[in-house]
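So that the names make sense, note that chain A is the first sequence line, chain B the second, and so on, each numbered from 1. Owing to the predicted nature of the structure, the values given are computational and were not obtained by experimental measurement.
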Amino acid sequence: MRWTQTLIPTLKEAPSDAEITSHKLLLRAGLIRKLAGGVYTFLPLGLRALRKIEQIIREEMNRAGAIEVLMPALQPKEIWEQSGRAETASAVLFKVKDGSNREWFLSPTAEEVITTLAANEINSYRQLPKNFYQISVKFRDEIRPRFGLMRAKEFIMKDAYSFDTTDDASMVSYRKMYDAYKRIFDRCGVQNFPVEADTGVIGGNYSHEFMVPAATGENDVVFCEACGYAANIEKATSGIPKTAAREIGAPIEKFATPGVVTIEALTKAPSSVPANRQIKTLIYIADSKPVIILIRGDDQLNEAKLAGVVGTPVFRAATAEEIFAALGAHPGSLGAVGVKNISVFADERLRGANDMTTGANEDGFHFKQVSIERDIVVTKWCDLRTVTAGEPCVKCAKPLKLRRAIEVGHVFKLGTKYSEKFNATYLDVDGSRKPCVMGCYGIGVTRTLQAVIEHCNDADGIVWPLSVAPYQVCITPLAVTADSAAMKLAEKIYAELTAQGVEVILDDRDERPGVKFKDADLVGFPIRVSIGEKSLAKGEVEIKPRGGAVAAVKMDEAVARVLALIKG
RNA sequence: CGGAGCGUAGCUCAGCCUGGCUAGAGCGCGUGGUUUGGGUCCACGAAGUCGCAGGUUCGAAUCCUGUCGCUCCGACCA
């Protein structure tokens, strides 16, 4: 390809709406352009890099035995009602109506479609296992599109769905995907690591997210350098000790705390109750009913864990009015002592705690010397707190660390949640009918592209890994008139490399050397071959790996040298 | 949706507070010259309904109201 033939609109300055490095580089290197918030056009170079990633995914999915399909982006509302997700996923669904007023959803994912297909086409254990995947455009009405391709309203996702006869068989499928993901992200040239992930409402322990470490990531990951434990903050637990029990038999006692409505305020005189001896009482509305959450005063509630406990992702913090209606007091004076008829979910860390202080459900008053087990009716003990850095690892007790990361992939064991709802069953050897055991596996393809850039760049621009670079080689003749020696040699090397299957772009622009070099660095081609009079006079060309040192090479050896660099 | 901020040329921004002549700069773009191994230099030129609508005023990019869009922080997720 010739530079002047394609479109590579590089920018000296980043548009002001780009904040993070990868987003700026996507725009500056001329890979994408924004049409609207969270909606982008892929320009030739961006598309080529994207296709590279897709191809890596395709190869590894095929290698793992998955089969490619393509499902519709337009999905009838009915199947979403059948799965129950028309309501639970409502917030992110793009809804459209056709001319006859029928409702459709633009696909954010395809469990409903694939399970419908399986219900119709899979009848026998002999057809299993099966793993269907597709690479397609997905739509999500993101509350807030962000950071270019990182969180977009429209994006490209690889999604796969496995169908197996048994739980054990499903685990095999899961494992295959897990291994394939590792290979995929390694091949894309990004540092990546799997972490245990939140399974939310579906529950179970079989979910991992693949993370690319990045300060600009949107996920917090807890990890242990000693034993390798790693988990999304939504899922992470630690070996932090429970609240120490004290030898106090004193009965519960109410005391006045006028104007004290925060944990922080209660730690100060005259009350002077340390946060770790306080019970934080939170009221949420789940399925339109209030529930009480108890966690220790110095802990933070983890809403992802709460979703798993209450069994629905549709919940929210209660309003002050709802709280007053439920408990007769306002936030700041709430407690669960003596509460009946409202479910009380208490964090494990409070189990056995006594001599605690909590609100008295009377504005301006608190209780002290509260013993949880004695004074509060706890509906369920559960893990509700958010882990913080430095806590002992749940596996090896060494201090945990916390870091930010970009989630690029997610593998998830679904069980029979969907197969039961869609009647996706098979006939077993013994003639009995059983629901397929499912798994689902996603990769954010466009997000991965950006993660690669976020990870592979320097002050001059992108530093593409060879595997995803839009072109492997950029030939830069410094004089471009058709009869110049540099251009003739450039054409020759271009033809020879192309014949060898190398992807080459020839910078045939009549620009000053500085401009061409800067652009080549910005776009980040892995190998640059420069041909100017200076080296030409010595019968040489220059070969420079992006980010590496220039090597002068005899012009006859240039092609072989480039091939050697590419083949590694 | 809650909080914060921004919309002036293709891009980055100045001008707005304190209203007043043909609305500016740099980059980019076009023409000519110059230069030719890391974003040359010079000259000339094209290019803006000042996001949109309404209001105040003799007069609005500037003040007021509304609206749309965008960005950032939070809740959501590949």
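Straight-line distance between the C1' atoms of B:G39 and B:C77: roughly 40 Å, to the nearest whole Å. Annotation: B:C58 and B:C13 have their C1' atoms spaced 33 Å apart (nearest Å). The gap from the C1' atom of B:C64 to that of B:U57 amounts to 12 Å, rounded to the nearest Å. Nucleotides B:C72 and B:G38 are separated by 35 Å at their C1' atoms, to the nearest Å. Straight-line distance between the P atoms of B:G51 and B:G33: roughly 40 Å, to the nearest whole Å. Between the C1' atoms of B:U18 and B:A9, the separation comes to 27 Å (whole Å). Rounded to whole Å, the C1' atom of B:C50 lies 14 Å from the corresponding atom of B:G19. Taking atom C1' in both B:G55 and B:G45, one finds a spacing of 40 Å when rounded to whole Å.
Under the Watson-Crick or G-U wobble criterion, with both distances below 3.5 Å, B:U12 is paired with B:A25. In this structure, B:G7 and B:C68 make a Watson-Crick or G-U wobble pair, each of the two defining distances being under 3.5 angstrom. B:G20 is paired with B:C58 under the Watson-Crick or G-U wobble criterion, all donor-acceptor distances under 3.5 Å. Nucleotide B:G30 has B:C44 as its partner under the Watson-Crick or G-U criteria, with both atom distances under 3.5 Å. Base-pair partner of B:C1: B:G74 (Watson-Crick or G-U wobble, both distances under 3.5 Å). Across the strands present, B:U35 finds no partner; the criterion is a Watson-Crick or G-U wobble pair with both atom distances under 3.5 angstrom.
For A:H330 and A:F324, the ring centers are positioned less than 6.0 Å apart.
Here B:U36 presents its P atom at 13 Å from NZ of A:K534, a figure rounded to the nearest Å. Distance A:D507 CG to B:U36 C1': 15 Å, rounded to the nearest Å. A straight line from CG of A:L27 to P of B:G10 spans 17 Å, rounded to a whole angstrom.
A:H23 contributes atom NE2, which lies 9.5 Å from atom CZ of A:F147 (distance to the nearest 0.5 angstrom). Going from atom NE2 of A:H208 over to atom CD of A:E196 covers 5.5 Å, rounded to the nearest 0.5 Å.
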Return all side-chain donor-acceptor pairs below 3.5 angstrom for residues 11-22 of chain A, not counting sequence neighbours, or 'none' if the list is empty.
from  : atom 1 : to     : atom 2 : distance (Å)
A:D17 : OD2    : A:K34  : NZ     : 2.6
A:S22 : OG     : A:Q450 : NE2    : 2.9
A:S22 : OG     : A:E454 : OE1    : 2.5

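By the side chain to side chain donor-acceptor pair (under 3.5 Å) test, A:Y441 is found to be paired with A:S162, residues two or more places apart in sequence or in another chain being considered. Partners of A:F210 under the ring-ring contact (aromatic ring centres under 6.0 Å, His included) rule, at least two apart in sequence or in another chain, are A:Y178, A:Y181, A:F185.
A salt bridge links A:R528 with A:D521: at least one charged nitrogen is closer than 4.0 Å to a carboxylate oxygen. A salt bridge links A:E81 to A:K77: at least one charged side-chain nitrogen sits closer than 4.0 Å to a carboxylate oxygen.
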Inset, instruction - Between protein and nucleotides 71-78 of chain B, map the contacts as a letter string: B base, S sugar-phosphate only, - none, heavy atoms under 4.0 Å, written 5' to 3'. - result: SBBBBBBB
Inset, instruction - Indicate for each nucleotide in nucleotides 38-51 of chain B, in 5' to 3' sequence, whether protein heavy atoms under 4.0 Å reach the base (B), only the sugar-phosphate (S), or nothing (-). - result: BBB-----------
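Within the structure, the side chain to side chain donor-acceptor pair (under 3.5 Å) test picks out the following pairs touching residues 476-488 of chain A (sequence neighbours left out): A:T481-A:D483.
Within 4.0 Å of A:T109, counting heavy atoms only, lies no atom of the nucleic acid at all.
Using a distance-only test at 3.5 Å, with no hydrogens or angles considered, a donor-acceptor pair links the side chain of A:N457 to the main chain of A:I453.
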